[in-house]
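What follows is a short report on a single structure.
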Amino acid sequence: MLLWSLLVIFAAVTEQADSLTLVAPSSVFEGDSIVLKCRGEQNWKIQKMAYHKDNKELSVFKKVSDFLIQSAVLSDSGNYFCSTKGKLFSWDKNSNIVKIKVQGPDDYRRDLMTSGVLWGLFGVLGFTNVALLLYALFHKISGESSATNEPRGTSRSNPQEFTYSSPTPDMEELQPVYVNANIRTLLEKKDSQVIYSSVKKS
């Protein structure tokens with residue numbers, strides 16, 4: 001009884017330490033090869049090793065071996081695992097389940113299109129950000145340079161001053177002309193009166 005208990009404990013510890021692990025890709029494209037690798041067991045402990053898909057046995061080996069699917073098709077998609085049948089004092093084991101998806105050409109083109117659209121959007125956003133940054137930097141530099149080049153102590157001329165510039169002479173410039181004309185008229189009238197008075201006296 002004691003010996004049986006020890007054998008049970010030893011077998012449980014050995015099974016936990018030597019658990020099976022199926023190594024396989026989770027996604028492939030149609031036409032690619034698929035390699036299933038069952039790890040965690042030794043040849044002297046097993047009578048056979050088998051690979052399964054969707055709980056159906058695919059292939060059986062008498063030693064630790066890999067399983068190869070040469071050219072994958074869409075129907076190869078499914079849930080895979082491996083198992084071993086142990087010899088004396090060894091337990092039968094099942095590995096973890098790996099879900100494999102075989103993608104067709106349409107899926108490949110769709111993935112390429114999606115990635116192309118995403119990269120295009122990222123490129124446009126990046127270009128826009130760089131353009132805005134350069135625009136703001138250019139205006140900042142232009143404002144600083146104009147403020148530096150402006151002479152100190154001088155103010156900008158009033159724009160309203162230019163509204164009075166005209167090729168026509170001002171009234172002040174014409175005023176002496178009219179004054180001279182008035183004086184000349186007065187003088188002529190005075191001369192005429194003098195002549196008239198002189199004639200009257202004689």
Side-chain angles (χ1 to χ4, degrees), residues 1-140:
M1 185 67 182
L2 180 59
L3 180 60
W4 178 253
S5 299
L6 291 175
L7 290 175
V8 171
I9 295 173
F10 177 76
V13 172
T14 304
E15 182 181 4
Q16 184 177 3
D18 298 334
S19 60
L20 286 180
T21 302
L22 178 62
V23 180
S26 60
S27 178
V28 296
F29 290 102
E30 192 175 11
D32 295 343
S33 60
I34 302 176
V35 180
L36 306 179
K37 299 180 180 181
C38 196
R39 295 292 181 261
E41 193 57 280
Q42 300 177 7
N43 289 327
W44 63 271
K45 292 183 179 181
I46 64 172
Q47 295 180 8
K48 67 176 183 178
M49 172 179 285
Y51 288 89
H52 308 263
K53 175 198 171 188
D54 298 331
N55 294 324
K56 294 181 180 180
E57 193 174 78
L58 294 176
S59 183
V60 180
F61 303 92
K62 292 184 178 180
K63 62 179 181 179
V64 177
S65 302
D66 298 337
F67 181 72
L68 173 65
I69 300 176
Q70 189 68 36
S71 181
V73 294
L74 296 178
S75 59
D76 289 327
S77 300
N79 298 318
Y80 291 82
F81 70 95
C82 62
S83 64
T84 56
K85 183 174 179 59
K87 294 180 180 178
L88 185 62
F89 304 123
S90 296
W91 296 85
D92 297 343
K93 300 178 183 179
N94 292 332
S95 72
N96 57 305
I97 297 176
V98 177
K99 184 176 181 180
I100 300 177
K101 180 182 179 181
V102 180
Q103 302 184 40
D106 294 336
D107 296 329
Y108 178 70
R109 284 192 290 267
R110 189 181 302 113
D111 293 341
L112 287 179
M113 185 178 298
T114 302
S115 61
V117 170
L118 291 177
W119 279 110
L121 290 176
F122 288 143
V124 171
L125 291 176
F127 179 78
T128 303
N129 291 332
V130 171
L132 291 176
L133 181 62
L134 292 176
Y135 179 79
L137 184 61
F138 174 76
H139 277 269
K140 183 178 179 181

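Just so we're clear, the structure is a prediction, and the values are computed from it rather than from any experiment. Note that these values count all heavy atoms, side chains included, but never hydrogens, waters or copies made by symmetry.
Atom-to-atom distance recorded for Lys48:NZ and Ser59:OG is 11.0 Å, nearest 0.5 angstrom. In this structure, NZ in Lys45 is found 6.0 Å from NZ in Lys93, a value given to the nearest 0.5 Å. Remark: Cys82 SG to Phe61 CZ distance equals 11.0 Å, nearest 0.5 Å. A distance of 6.0 Å separates OG1 of Thr84 from CE of Met49, quoted to the nearest 0.5 Å. To the nearest 0.5 Å, the span separating CG on Leu132 from CG on Leu137 amounts to 12.5 Å. Distance CH2/Trp44 to NZ/Lys87: 9.0 Å, rounded to 0.5 Å.
Between the Asn96 side chain and the Leu22 main chain, a donor and an acceptor come within less than 3.5 Å of each other. Proximity of a side-chain donor or acceptor of Asp92 to a complementary backbone N or O of Gly86 within less than 3.5 Å is detected. Asn79 places no side-chain N or O within donor-acceptor distance of the main-chain N or O of Asp54, the cut-off being under 3.5 Å. Asp32 places a side-chain N or O within 3.5 Å of a backbone atom of Phe29 that can act as its donor or acceptor partner.
The two residues Asp66 and Cys38 make their nearest non-hydrogen contact at OD1-N, 4.4 Å. Nearest heavy atom pair, residue Val28 against residue Ala72, reads CG2-CB, 4.3 Å. Between Ala50 and Glu57, the shortest heavy-atom distance links the atoms CB-OE2, 3.7 Å. Across Val64 and Gln42, no two heavy atoms sit closer than the pair CG2-C, 4.1 Å.
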Exercise for the section: Go through the steps for Val102 and Val73 under the test side chain to side chain contact (heavy atoms under 4.5 Å, CB included), then give the verdict. Expected result: CA-CA 7 Å; Val102 180; Val73 294; 5.8 Å; no
Problem - Residues Val98, Phe81; criterion side chain to side chain contact (heavy atoms under 4.5 Å, CB included); working and verdict - result: CA-CA 6 Å; Val98 177; Phe81 70 95; over 6 Å; no
Handout entry: Worked verdict on Phe67 versus Leu58 for side chain to side chain contact (heavy atoms under 4.5 Å, CB included)
Key = CA-CA 9 Å; Phe67 181 72; Leu58 294 176; 3.9 Å; yes
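Residues passing the ring-ring contact (aromatic ring centres under 6.0 Å, His included) test with Phe122: none are found, sequence neighbours excluded. Residues satisfying the side chain to side chain contact (heavy atoms under 4.5 Å, CB included) criterion with Ser33, sequence neighbours excluded, are Leu68. Residues satisfying the side-chain hydrogen bond (donor to acceptor under 3.5 Å, both in side chains) test with Ser83, not counting sequence neighbours, are His52.
Counted within 6.0 Å of NZ on Lys53, heavy atoms from surrounding residues, nucleotides or ligands total more than 12; the atom is thus considered enclosed.
A salt bridge is defined here as a Lys NZ or Arg NE, NH1 or NH2 lying under 4.0 Å from an Asp or Glu carboxylate O, and Asp76 with Lys101 fails to meet this definition.
Side-chain atoms of Leu36 and Ile100, non-hydrogen and from C-beta on, do get closer than 4.5 Å to each other.
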